[in-house]
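No hydrogens, no waters, no symmetry mates; every other heavy atom, side chains included, goes into these values.
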Amino acid sequence: MEGEEKDFQEQPDSVAEVGEDAVTSVGAAPLPPVMTEEERQELQEELAKVEDEIQTLSQVLAAKEKQLADIKRKLGITPLNELKQNITKTWQEVTTSTAYRRTSETLSQASLKATAAFSNMGSAISKKFEDVRNAPTFKTLEEKVETLKTKITPTTPPSNQDGNVPETTESLISQPEDAPTQDAPMQ
């Protein structure tokens, strides 16, 4: 009998994946060509034992899941709280990752370079405006505009037929009606 077991153990067992796929692959596995009635009985007993263990473990798992749900309910842990904690944990893991740090550093450097470029561009534009303003052509144009402005603006106000300077609306408003005018002598 011991020799028979040795022969049975020497044959390689095909181990399928753990879980539901293992059940389907057992049926597809070829049976050993020669099996004694005693070996068959042992395997049947082992099969029954494993099925009982699986059923017991399933019941224990269900009881543990129920206990877990009760504890979470008593602690006030809701699925939303768990989701928030998972998101926070994931975000912390992302921010501490080397890829995130490298990307962050690269973007920071790019931002500094862009700021410097805009600053340099602003300085260049200001310098160009200053150069244009100091250019002889602009000076000539500025002088022509000043000359035109002085020609258009009269230096002396026009006078009336009687030689008096006409009163502006401002001078008329600022002087009261009863107040003597400057032309009239005070008595």
How long is the gap from [atom1] on [X] to [atom2] on [Y], to the nearest 0.5 Å?
X      : Y      : atom1 : atom2 : value
Leu43  : Arg40  : CG    : CZ    : 8.5 Å
Trp91  : Thr96  : CH2   : OG1   : 10.5 Å
Leu61  : Ile54  : CG    : CD1   : 13.0 Å
Lys127 : Asn120 : NZ    : CG    : 13.0 Å
Arg102 : Leu107 : CZ    : CG    : 14.0 Å
Gln41  : Glu37  : CD    : CD    : 6.5 Å

Could you tell me whether the side chain of [X] and the main chain of [Y] form a donor-acceptor pair under 3.5 Å?
X      : Y      : result
Asn134 : Glu130 : yes
Ser119 : Thr115 : no
Ser108 : Ser104 : no

task = Starting from the C-alpha separation in whole Å, work towards a yes-or-no answer on side-chain contact (heavy atoms from CB on, under 4.5 Å) for Lys144 and Thr147.
result = CA-CA 5 Å; Lys144 288 180 180 177; Thr147 305; 5.6 Å; no
query = Do the side chains of Glu51 and Gln55 get nearer than 4.5 Å, heavy atoms only?
reply = no
ask   = So with a 6.0 Å cut-off around CD of Glu93, is the heavy-atom count from everything else above 12?
value = yes
query = Quick one: side chain to side chain donor-acceptor pair (under 3.5 Å) pairs with a partner in residues 59-75, sequence neighbours left out?
reply = Lys72-Glu82
query = Same hydrophobic cluster for Leu141 and Ile152, using side-chain heavy-atom links shorter than 4.5 Å among ILVMFWY?
reply =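 Leu141 and Ile152: separate clusters.
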